[in-house]
Amino acid sequence: MKKNRLKPTPEKPAQRSLRKLIYCLGALLSAVALILWSRMSTAREDISASTLTEPDITGESASTSAPVTEYIRKSELVSESSKGTDTTVTSDSTVPGNPYGDLSVPTWLTKIEDTYFLVDCYHNQVIYNDNLTEPLSEWKVMTDDIDKGHTLASDGSVYLVDDTERHRILIFEKENEVFVHTQTFNGIGNRPHYIIYDAPTDTFYAWSSMSGEMFLFRHNPDDTRMYLTQIRQIEALDNVYVRSFTIIGNEIYFVSGNSSIIRADVESFEILETYPVPDTMAGMIQLTKIQDYFYITVSTDITGNQDCATILRTKDLSALMSGEYEDIYSRFIGGGTPYYITEFDNAYYLTEHRLPGHSVWRFLVEDNLIKDVETIY
């Protein structure tokens with residue numbers, strides 16, 4: 001028995017046109033969706049790449065806003081139980097006062113926000129105050145747990161101090177108006193001697209004075225945990241006593257104890273030029289660019305004689321060997337050992353030792369003329 005099969009109703013022309021239109025629209029929407037998905041995927045990849053840029057540790061420039069995702073090592077956190085064991089303070093009212101009425105080889109004076117910090121090197125302490133007019137006995141002690149520290153640098157969030165003879169860097173943070181030792185980097189070269197914060201690269205540079213090494217430190221914008229991100233080196237300065245460095249633009253200068261000044265590329269540390277200096281100024285301390293001159297503080301001659309201590313300035317480093325420089329130490333008092341020069345409050349400050357009562361100077365420079373020289377401490 002045959003089954004009756006229903007024959008399909010013939011499709012009218014209007015129905016065929018509508019079906020084709022729906023099919024085309026569907027295909028078009030699918031293509032658009034595919035394109036949008038592809039573009040959104042690419043955008044996500046671009047965003048990911050921009051927010052996860054790793055800091056370069058090979059000498060190339062790194063984005064200052066990039067988070068620290070690759071590093072050599074983290075800082076060592078100071079446990080809550082051991083924080084402040086050197087001063088044991090919990091509030092501003094319990095911060096110990098400076099026990100000394102004078103300074104013993106002051107090396108560094110700086111101002112961070114509204115606070116002045118003074119590194120009292122041979123008293124093994126860093127002291128601070130909100131003005132430069134009160135006697136030293138009115139200053140407070142930030143730390144006395146250092147051995148011959150020389151400098152302090154800050155970005156406003158963390159404060160780095162070199163603990164020179166212990167080969168380490170101490171990190172402090174301000175908590176309830178008290179500076180608390182929260183982190184440490186041990187094993188930082190050989191006698192770290194000079195630290196600065198470089199705002200354009202959002203990086204702390206710490207110099208190991210006897211190994212020719214530069215240690216670079218950073219922290220993330222939303223976190224104060226410090227990371228050692230790079231170590232750069234100038235091999236020619238290994239085992240040479242170098243007390244400081246100066247970054248000017250894309251170049252870095254080293255006043256070295258081997259009777260020369262080295263100018264290098266700040267990123268690669270490739271030496272660009274070497275300027276020889278006379279034996280009488282071999283033991284240089286610091287080079288500072290002030291207006292049209294390079295100012296150079298000198299501690300000793302090539303034999304270590306401090307009687308050669310002075311302050312020189314020149315417009316041309318290549319002319320030092322031929323004697324084309326000006327000795328300006330007589331503008332102060334002479335006879336001591338000038339050390340580091342810093343700038344803040346629209347003035348320059350010089351630390352000095354070997355002269356009782358003349359440890360910190362303030363002076364102005366206008367149109368290359370030194371003026372208003374006065375003793376602060």
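For clarity, every value in this text was computed on a predicted model and none was experimentally measured.
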query: Are side-chain N/O atoms of T164 and H167 paired as donor and acceptor at under 3.5 Å?
result: no

message: In this structure, is the centre-to-centre distance between the rings of F344 and Y349 below 6.0 Å?
response: yes

- request: Describe, in one word, how the ring planes of W108 and Y194 are oriented to each other, choosing from parallel (under 30°), tilted (30 to 60°) and perpendicular (over 60°).
  value: perpendicular

field: Within one Ile-Leu-Val-Met-Phe-Trp-Tyr cluster: V240 and I234, side-chain cutoff 4.5 Å
entry: yes

- prompt: Side chain of S75, backbone of F185: donor and acceptor closer than 3.5 Å?
  reply: no

- line: Residue pairs passing the salt bridge (Lys or Arg N to Asp or Glu O under 4.0 Å) test with at least one member in residues 94-114, sequence neighbours excluded, are K111-D345

message: Checking F254 against L237 for the side-chain contact (heavy atoms from CB on, under 4.5 Å) test, could you report, in this order, the C-alpha distance in whole Å, the side-chain angles of both residues, the deciding distance, and whether it holds?
response: CA-CA 9 Å; F254 298 92; L237 296 181; 4.0 Å; yes

task: Indicate whether any N or O donor in one side chain lies under 3.5 Å from an N or O acceptor in the other, for E213 and N190.
output: no

query: Which word best sums up how the rings of F179 and Y159 line up, parallel for under 30°, tilted for 30 to 60°, or perpendicular for over 60°?
result: perpendicular

message: Could you tell me if E134 and W139 have a donor-acceptor pair between their side chains, going purely by distance under 3.5 Å?
response: no

task: Assign the ring pair F363 / F332 to parallel, tilted or perpendicular, where the plane angle (0 to 90°) is split at 30° and 60°.
output: perpendicular

message: Between T300 and N305, do the side chains contain a donor N or O and an acceptor N or O under 3.5 Å apart?
response: no

Salt bridge (Lys or Arg N to Asp or Glu O under 4.0 Å) contacts in which one or both residues fall within residues 314-326, not counting sequence neighbours: R313-E326, E326-R331

is_close_aromatic(Y340, H150), centroid dist under 6.0 Å: no

- prompt: Does a donor on one side chain and an acceptor on the other come within less than 3.5 Å for R218 and T229?
  reply: no

message: Checking H193 against Y241 for the ring-ring contact (aromatic ring centres under 6.0 Å, His included) test, could you report, in this order, the C-alpha distance in whole Å, the side-chain angles of both residues, the deciding distance, and whether it holds?
response: CA-CA 10 Å; H193 206 304; Y241 188 23; 5.5 Å; yes

message: Tell me whether K289 forms a cation-pi arrangement with Y295, defined as NZ or CZ under 6.0 Å from the six-membered ring centre and within 45 degrees of its axis.
response: no

- request: Could you go through the side-chain hydrogen bond (donor to acceptor under 3.5 Å, both in side chains) check for N98 and E138 one step at a time?
  value: CA-CA 7 Å; N98 179 19; E138 297 296 319; over 6 Å; no

Partner set under side-chain contact (heavy atoms from CB on, under 4.5 Å) for L364, not counting sequence neighbours: A347, E366, K371, D372

- prompt: Going by distance alone, is a donor N or O of one side chain under 3.5 Å from an acceptor N or O of the other, for Y293 and Q291?
  reply: no

